[in-house]
Amino acid sequence: MASPNPLSDRVTRRASVITRHLLQHPPPSTTLRPSICVEYTPPDPSSPSDFDTVELRRILDGHHVADRDWVFGLMRESRLFCPRRIGRSDTVFVSPDYNQSMEQQREATMRRVEYLSSRGVFEGWLTRDDPEMEMRKFAAFECIGIYDHSLAVKLGVHFFLWGGAIRFFGTKRHHDKWLKDTEDYVIKGCFAMTELGHGSNVRGIETVATYDRSTEEFVINTPCESAQKYWIGGAAKHATHTIVFAQLYIDGANQGVHAFIAQIRDANGNVCPNIRIADCGHKIGLNGVDNGRIWFDYLRVPRENLLNSVADVTPDGQYVSAIKDPDQRFAAFLAPLTSGRVNIAVSTICISKIGLGVAVRYALTRRAFSIAPNSPEVLLLDYPSHQRRLLPLIAKTCVMSCSGNYLKRIYVKKTPEANKMIHIYSSAFKAMFTWHNMRTLQECREACGGQGLKTENRVGSLISEFDVHSTFEGDNHILLQQISKALLGEYLAVQLKKRPFKGLGLEHMNGPYPVIPDNLTSSVLRSSEFQSYQVAEDLARAFSERVIFQIFLDTEASFPAGPLKKLFGLLRSMYALVSLEEDSVFLRYGYLSPSNVAIVIKEVANLCSELRPHALSLVESFGIPDAFLSPLAFNWIEANSWSSVQQQQ
Ligand SMILES: CCCCCCCCCCCCC/C=C/C(=O)SCCNC(=O)CCNC(=O)[C@H](O)C(C)(C)COP(=O)(O)OP(=O)(O)OC[C@H]1O[C@@H](n2cnc3c(N)ncnc32)[C@H](O)[C@@H]1OP(=O)(O)O
Ligand SMILES: Cc1cc2nc3c(=O)[nH]c(=O)nc-3n(C[C@H](O)[C@H](O)[C@H](O)COP(=O)(O)OP(=O)(O)OC[C@H]3O[C@@H](n4cnc5c(N)ncnc54)[C@H](O)[C@@H]3O)c2cc1C
């Protein structure tokens with residue numbers, strides 16, 4: 001196959017047409033000279049996609065598209081969500097004002113929560129737990145996260161962590177007492193698991209809860225400075241109650257980590273007796289969330305405040321639990337963290353879509369350098385190097401969208417037997433998608449040049465707002481260890497019990513190991529048979545990539561022949577081959593020879609040129625309303641014109 005032109009064919013053709021026209025019809029009075037004013041030309045409408053972008057949005061969003069547009073509309077219509085005009089008067093972009101002080105951002109976040117609550121957005125979020133409600137909640141939450149991470153996290157700790165702990169760790173007495181008041185924001189909850197001295201290692205936490213049978217109370221105490229609860233979202237300013245994790249002691253025996261309900265403020269916002277609270281201070285992002293530190297000074301809580309779905313303490317101090325194995329009992333206490341990880345995984349993909357939505361639209365209107373004298377400067381996205389930077393990220397974002405939808409579907413139908421698989425898949429997707437998001441945002445920021453540093457253009461500020469995703473709700477490296485541990489456990493069990501692999505997405509290991517042809521060809525590289533073996537490698541990371549690939553392949557297989565199926569084939573190949581190209585593991589283990597790697601690299605370049613005509617339609621299919629992008633995605637010259645400056649004064 002001929003090596004790709006230094007520019008795509010389309011650009012070459014257009015440059016020659018323009019040049020020929022100008023030579024045949026020179027402007028009347030002046031010699032031919034390049035225009036000295038850059039003008040904004042909207043993206044080229046002449047390459048309409050042959051696939052239906054509305055249909056592709058429905059597939060990538062996966063569900064509840066109308067609900068999403070309803071939530072976007074609620075935010076767009078309230079000045080609470082756009083404290084200052086951005087862009088021209090006829091295009092108001094909706095975004096928080098990150099120039100506000102930490103205190104102002106925190107108060108603004110709380111006002112936005114109250115507004116959404118008053119509009120009924122949270123109805124049923126805790127008092128219903130049917131799959132339909134759960135999926136509707138995911139959809140709303142993704143839209144809220146597209147607007148602002150602080151708002152999403154503020155809601156996340158209240159509904160998914162505080163509310164989730166009550167629902168999963170609690171029993172009827174807790175559900176009846178706390179869930180409705182939580183849903184209506186009569187109380188504001190937070191989740192105190194992490195301590196200054198222990199975050200990933202939950203079993204190492206030092207807060208102590210000692211049972212006092214004479215009063216049928218637990219006495220909760222912070223024995224030393226490293227035991228202070230740290231990073232607790234909502235605790236610094238607004239939360240009235242918390243789930244506190246502590247080592248449970250009965251008659252001197254440690255029964256391990258358990259969860260208790262504790263009130264930390266009264267209804268007027270005053271800190272309760274035997275509680276001390278301090279602020280974690282300004283962060284590099286997420287300053288709309290009031291993260292706080294909590295010390296418990298022999299705080300007494302009634303026996304009923306133990307969340308007792310996993311284990312209980314009788315009035316006379318007997319410890320009872322249906323789960324005898326301490327590890328499995330501990331696992332049960334960690335299961336609610338999974339809902340947060342699922343939300344993070346599926347929401348973070350939306351953030352990659354914002355970055356790509358801005359960077360691709362900009363790359364379709366920004367030009368740099370001419371190829372020939374007196375010819376127009378070249379569109380950024382017509383440079384193969386710019387295509388290689390952005391188009392594989394579009395493919396990965398599309399592929400991961402399908403995996404995110406798959407994760408939501410299995411999560412809302414969860415059963416105790418599926419807990420382990422959901423833990424592994426949610427850990428895998430949370431780690432892989434959040435790392436993908438940070439890499440995508442950085443690439444998009446750079447692809448926008450200096451404009452990427454402007455806060456109002458969103459791409460750059462999203463980096464600091466979402467950096468925390470690789471840490472909270474489970475450090476990504478720790479989660480990869482969880483995956484590897486589970487895979488190794490399954491592998492050993494299969495060897496010992498001489499049974500086939502079943503569950504955990506390892507069934508392909510029951511088949512013959514792949515044989516990699518010595519000389520790869522384009523058609524072999526683009527075949528799903530080759531690709532499905534090519535990402536099953538190396539434990540946690542490869543496992544994750546393979547599961548993500550397989551879900552996308554299954555989605556593609558469900559389509560009838562047509563433009564969408566063809567597009568999915570291109571995206572799948574791009575995902576698989578760029579995974580091969582970027583991960584040295586294939587070279588390291590000898591699965592790919594250096595000459596084959598060169599063929600893979602060339603095929604990726606070919607895929608870029610085939611995806612290039614669809615770039616605008618692909619990002620339009622991401623379903624991010626224009627108002628939630630930024631001025632840079634549109635007429636960025638008008639947005640920076642003197643008249644715009646005057647309008648904003
Ligand atoms: C666009 C907008 C986006 C917005 C998104 C917002 C989302 C909403 C959420 C908002 C929250 C944001 C605020 C942040 C809050 C927090 O950070 S809360 C604190 C989070 N902390 C953690 O996640 C702690 C991480 N550490 C752990 O999970 C555990 O300590 C550990 C590392 C897993 C335990 O290690 P270890 O002590 O070695 O125990 P193991 O032997 O590995 O585990 C015992 C068994 O338990 C099983 N298991 C572990 N976790 C789970 C789980 N979650 N579910 C089910 N099972 C689990 C594990 O597999 C072991 O099983 P066996 O191997 O079979 O014994
Ligand atoms: C903005 C923000 C909000 C948060 N909100 C909450 C909240 O509301 N409630 C709550 O309870 N917590 C919250 N957290 C805390 C968060 O869950 C912890 O920061 C996270 O679990 C990591 O723990 P850590 O910070 O102690 O890091 P550590 O666990 O100390 O890890 C530090 C580094 O060591 C590495 N490491 C640790 N153990 C190992 C190992 N065995 N092998 C190899 N490497 C290892 C990790 O990969 C990491 O890179 C929040 C944190 C932040 C930043």
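Whatever order the structure lists them in is the order used to number ligands and atoms, beginning at 1. For the single chain, residues carry numbers from 1 onward in sequence order. These numbers come from the heavy atoms of this one structure, side chains and all, not from hydrogens, waters or symmetry mates.
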Legend entry - Check: Phe169 ring centre within less than 6.0 Å of His174 ring centre: no

Inset, instruction - Determine, using heavy atoms of Glu142 and all atoms of ligand 1, whether some pair is separated by less than 4.0 Å. - result: no

Legend entry - Shortest heavy-atom approach to atom 27 (O) of ligand 2 - which of Gly340, Ser200, Gly197, Ala235: Ser200

Legend entry - Side chain, backbone, both or neither: Ile478 near ligand 2, heavy atoms under 4.0 Å: side chain

Legend entry - Option set Gly156, Gly204, Ser339, criterion heavy-atom distance to atom 10 (C) of ligand 1, minimum: Gly156

Inset, instruction - Answer yes or no for Gly199: is there a heavy-atom contact with ligand 1 below 4.0 Å? - result: yes

Legend entry - Per-atom contacts of ligand 1 with Gly145, taking only distances under 4.0 Å to non-hydrogen atoms: 1 (C), 2 (C)

Legend entry - contact_flag Arg341 ligand 1 heavy-atom lt 4.0 Å: yes

Legend entry - atom 32 (C) of ligand 2 within contact range, any protein heavy atom under 4.0 Å: no

Inset, instruction - Determine whether the side chain, the backbone, both or neither of Trp231 has a heavy atom under 4.0 Å from any heavy atom of ligand 1. - result: neither

Legend entry - Gln481 N/O under 3.5 Å from ligand 2 N/O: yes

Legend entry - For atom 17 (O) of ligand 1, the protein heavy atom that lies nearest, with its residue and separation: Glu473 N, 2.8 Å

Inset, instruction - Report the part of Leu161 (side chain from C-beta onward, or backbone N, CA, C, O) that has a heavy atom under 4.0 Å from ligand 1; answer both or neither where that applies. - result: side chain

Inset, instruction - Of the side chain and backbone of Ile351, name the one, both, or neither that has a heavy atom under 4.0 Å from an atom of ligand 1. - result: side chain

Legend entry - Residues Gln482 and Ser427: side-chain donor-acceptor under 3.5 angstrom: no

Inset, instruction - Using a 4.0 Å heavy-atom threshold (strictly under), name the region of Ser200 that reaches ligand 1: side chain, backbone, both or neither. - result: backbone

Legend entry - ligand 1 versus Thr338: contacting region, heavy-atom distance under 4.0 Å: side chain

Legend entry - Part of Ile478 with heavy atoms under 4.0 Å of ligand 1, whether side chain, backbone, both or neither: side chain

Legend entry - Six-ring centre of Tyr411, Lys408 cation under 6.0 angstrom, axis tolerance 45°: no

Legend entry - Shortest protein heavy-atom distance from atom 42 (O) of ligand 1, along with the residue and atom involved: Gln482 NE2, 2.7 Å

Inset, instruction - Return yes when at least one protein heavy atom is under 4.0 Å from atom 14 (N) of ligand 2, and no when none is. - result: yes

Legend entry - Test item: protein heavy atom less than 4.0 Å from atom 25 (O) of ligand 2: no

Inset, instruction - Indicate, as side chain, backbone, both or neither, the part of Val202 found under 4.0 angstrom from ligand 1 when only non-hydrogen atoms are considered. - result: both

Legend entry - Closest candidate by heavy atom, reference atom 19 (O) of ligand 2, pool Asn476, Thr471, Leu286: Thr471

Legend entry - Contact partition for Met193 relative to ligand 2, non-hydrogen atoms under 4.0 Å: both

Inset, instruction - Answer yes or no for atom 39 (C) of ligand 2: protein heavy atom present at a distance under 4.0 Å? - result: yes

Legend entry - Per atom 23 (O) of ligand 2, closest listed option by heavy atom (Gly199, Ala239, Cys280): Gly199

Inset, instruction - Classify the angle between the aromatic ring planes of His241 and Trp178 as parallel (below 30°), tilted (30 to 60°) or perpendicular (above 60°). - result: perpendicular

Inset, instruction - State whether the shortest distance between N or O atoms of Asp475 and N or O atoms of ligand 2 falls below 3.5 angstrom. - result: yes

Legend entry - Exercise check, heavy-atom protein proximity under 4.0 Å to atom 29 (O) of ligand 2: yes

Legend entry - Side chains of Arg265 and His238 in contact at under 4.5 Å (non-hydrogen atoms): no

Inset, instruction - Would you confirm whether Asn287, through its side chain, and His282, through its main-chain N or O, come within 3.5 Å as a donor-acceptor pair? - result: no

Legend entry - Val157-ligand 2 polar pair, N/O distance under 3.5 Å: no

Legend entry - Per-atom contacts, ligand 1 versus Ala152 - under 4.0 Å to a heavy atom: 2 (C), 4 (C)

Legend entry - Nearest neighbour in protein (non-hydrogen) for atom 3 (C) of ligand 1: Ser347 CB, 3.3 Å

